[in-house]
Trainee: 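Pasting a structure below so you can have a look.
Atoms within each ligand, like the ligands themselves, are counted from 1 in listed order.
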Amino acid sequence: MVRVSVGYGLSLVCMSAIPGAWRRTAAGAGLLSPDGAVAPTIFAEMSAAALRTGAINLGQGFPDEDGPAEVLEAAREAISHGMNQYPPGRGFADLLEAISEHQRRFYGLEVDPRTEVIVTAGATEALTATLLALIDSPDDEVVVFEPYYDSYAAAVALAGARLRTVPLRLPDFQPDLEVLAASVTDRTRIILVNDPHNPTGVVFSPDVKAEIIRLADRHDAVIVTDEVYEHLTFTAPHVPIATLPGAADRTLTISSGGKTFSATGWKIGWIHGPADLITAVLTVKQYLTYVNGSAFQPAIALGLRLPDSFFTDAAAALARKHEILAAGLRDAGFEVIAPQGGYFTVADASNLGGVDAAAFCRALPERAGVVAIPLDAFVSAERRGDYSGLVRFAACKRVDVLEEAARRLAAAQF
Ligand SMILES: *Cc1c(COP(=O)(O)O)cnc(C)c1O
């Protein structure tokens with residue numbers, strides 16, 4: 001038996017005598033250590049360092065305070081009222097209705113709650129089920145922007161497809177349109193777009209979104225979006241690709257209540273799009289988890305119907321947290337790349353002797369009492385060199401925690 005680490009400390013146990021197609025693909029995608037044994041992820045290593053040294057953990061992206069009280073109360077109520085058995089395979093009708101209302105209210109999108117949307121075990125299951133449903137052959141390619149959320153490469157490998165990455169680089173982390181165009185071909189089955197983007201904090205420009213739609217149309221690819229940070233934008237309201245001309249017929253839109261309602265452990269996500277594509281995703285999803293989180297579904301439905309002020313306040317509160325963190329980083333001598341959305345701030349530690357960002361992050365807990373993750377943890381092996389000096393800090397923590405982290409960073413000797 002071999003333990004195979006595919007990210008975030010998640011590991012799969014495989015019979016080493018039966019490599020399996022996915023194992024070969026995973027090895028090709030750089031997800032396995034050379035001996036196929038446990039490769040401790042940087043996340044696990046850094047969390048252990050935080051515990052050992054008492055450092056503030058700004059490595060992992062989950063909030064350290066609860067979301068809206070009425071949302072939490074709705075889940076408690078649901079448990080008390082017996083909502084403890086399997087919900088329907090597509091999700092409770094009321095949540096499907098609430099998602100449809102939400103898409104109309106914020107974006108003017110019309111989503112039929114009976115045929116065009118399903119509830120999933122977080123955005124993660126929506127994405128994995130989509131890849132498993134739409135990938136036909138090992139020659140199919142999935143175009144992904146890099147750096148990428150760490151489940152992407154693993155899910156593409158599980159689906160047995162080939163990963164094609166388009167780099168996001170400084171100064172602004174927007175992709176080069178020519179590189180993008182060259183990466184999408186008739187072999188491209190899916191263009192996967194995380195917007196607002198983790199880990200860079202970028203929001204893709206209108207030109208980039210238009211080019212993604214043009215290329216998908218020309219090469220008959222499906223656009224799959226990951227919009228889990230849709231309500232946590234700082235410069236302009238979120239624009240889903242599905243709202244743009246020519247996109248709706250070939251776009252699957254994925255989101256989740258985890259980030260919006262500070263309930264990452266609840267794993268209530270959803271996916272909507274054309275009914276035939278949603279049916280394909282449902283056929284896989286029903287044998288992955290079938291259903292999940294029955295008592296959390298009515299709570300997320302309530303959350304999605306909260307007044308506009310909840311959503312604008314949540315974005316404003318997170319923007320302020322980013323500013324507290326950024327001030328500490330600048331005082332310490334980092335160059336801060338201001339995020340346009342999401343939980344994370346990227347900073348350049350090159351001026352502080354941090355060109356080797358992984359080594360810099362390994363030393364940071366002892367030196368500054370803070371834990372962060374090198375950006376190259378989110379890129380494929382061949383491209384690590386392109387992200388030297390760049391470090392990701394989570395800003396989704398309590399204000400007092402961020403103030404203390406900022407003090408520690410500013411006081412550290414680099
Ligand atoms: C947190 C996160 C997810 C996971 O969402 P879940 O609903 O918890 O599965 C997916 N994509 C990105 C970019 C994330 O940051």
Trainee: Closest by any non-hydrogen atom to atom 15 (O) of ligand 1: pick that one out of Y152, Y229, Y148.
Mentor: Y229
Trainee: Return the orientation label for the F106 and H102 ring planes: parallel under 30°, perpendicular over 60°, tilted otherwise.
Mentor: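 Judged by the thresholds at 30° and 60°, the geometry between F106 and H102 is tilted.
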Trainee: With no hydrogens and no angle check, is any side-chain donor or acceptor of D140 less than 3.5 Å from a backbone partner on R189?
Mentor: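 The answer is no, because no donor-acceptor pair under 3.5 Å joins these two groups.
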Trainee: At what distance is the nearest protein heavy atom to atom 5 (O) of ligand 1, and which residue and atom is it?
Mentor: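 Ranked first by proximity to atom 5 (O) of ligand 1 is A123 CB, 3.6 Å.
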Trainee: Would a 4.5 Å heavy-atom cut-off, applied to side chains only, mark R362 and I42 as touching?
Mentor: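 Side chain of R362 against side chain of I42, heavy atoms only: contact under 4.5 Å found.
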Trainee: Write out the residue and atom name of the closest protein heavy atom to atom 12 (C) of ligand 1, then the distance separating them to 0.1 Å.
Mentor: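 Sorting protein heavy atoms by distance from atom 12 (C) of ligand 1 puts D226 OD2, 3.4 Å first.
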Trainee: Taking only heavy atoms of N194 into account, list the atoms of ligand 1 that are under 4.0 Å away from them.
Mentor: 13 (C)
Trainee: Can you report which non-hydrogen protein atom sits closest to atom 8 (O) of ligand 1, along with the distance?
Mentor: K267 NZ, 3.2 Å
Trainee: Contact between Y343 and ligand 1, counting heavy atoms under 4.0 Å?
Mentor: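 The answer is no, since Y343 has no heavy atom less than 4.0 Å from ligand 1.
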Trainee: Flag the pair I213 / T251 as yes when at least one side-chain heavy-atom distance between them is below 4.5 Å, and no otherwise.
Mentor: no
Trainee: Do we get K259 above F62's six-membered ring, with its NZ or CZ under 6.0 Å from the centre and within 45° of the axis?
Mentor: no
Trainee: So, applying side-chain hydrogen bond (donor to acceptor under 3.5 Å, both in side chains) with Q103, which one of H272, E110, E116 is it?
Mentor: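 One option only clears the test, and that one is H272.
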Trainee: What I want to know is whether N198 and ligand 1 share at least one N or O pair that is separated by under 3.5 angstrom.
Mentor: yes
Trainee: Give the ring-plane orientation class for F311 versus H231, where under 30° counts as parallel, over 60° as perpendicular and anything between as tilted.
Mentor: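 The arrangement is tilted - the two ring planes meet at 30° to 60°.
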Trainee: Out of all atoms in ligand 1, which are within 4.0 Å of some heavy atom of G122? Include the element for each.
Mentor: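 Here the atoms of ligand 1 in question are 6 (P), 7 (O), 9 (O).
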Trainee: Considering only the protein, which heavy-atom contact is closest to atom 7 (O) of ligand 1, and what is its distance?
Mentor: S256 OG, 2.6 Å
Trainee: Could you tell me the residue and atom name of the protein heavy atom closest to atom 1 (C) of ligand 1, and the distance to it rounded to 0.1 Å?
Mentor: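 Answer for atom 1 (C) of ligand 1: K259 NZ, 1.4 Å.
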Trainee: Specify the closest pair of heavy atoms between I278 and I271, including all atoms of both residues, with the distance to one decimal.
Mentor: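 Shortest heavy-atom contact: CD1-O, 3.6 Å.
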Trainee: Side chain, backbone, both or neither: which part of T124 comes within less than 4.0 Å of ligand 1 when only heavy atoms are counted?
Mentor: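 Under 4.0 Å from ligand 1, T124 contributes backbone and side-chain atoms.
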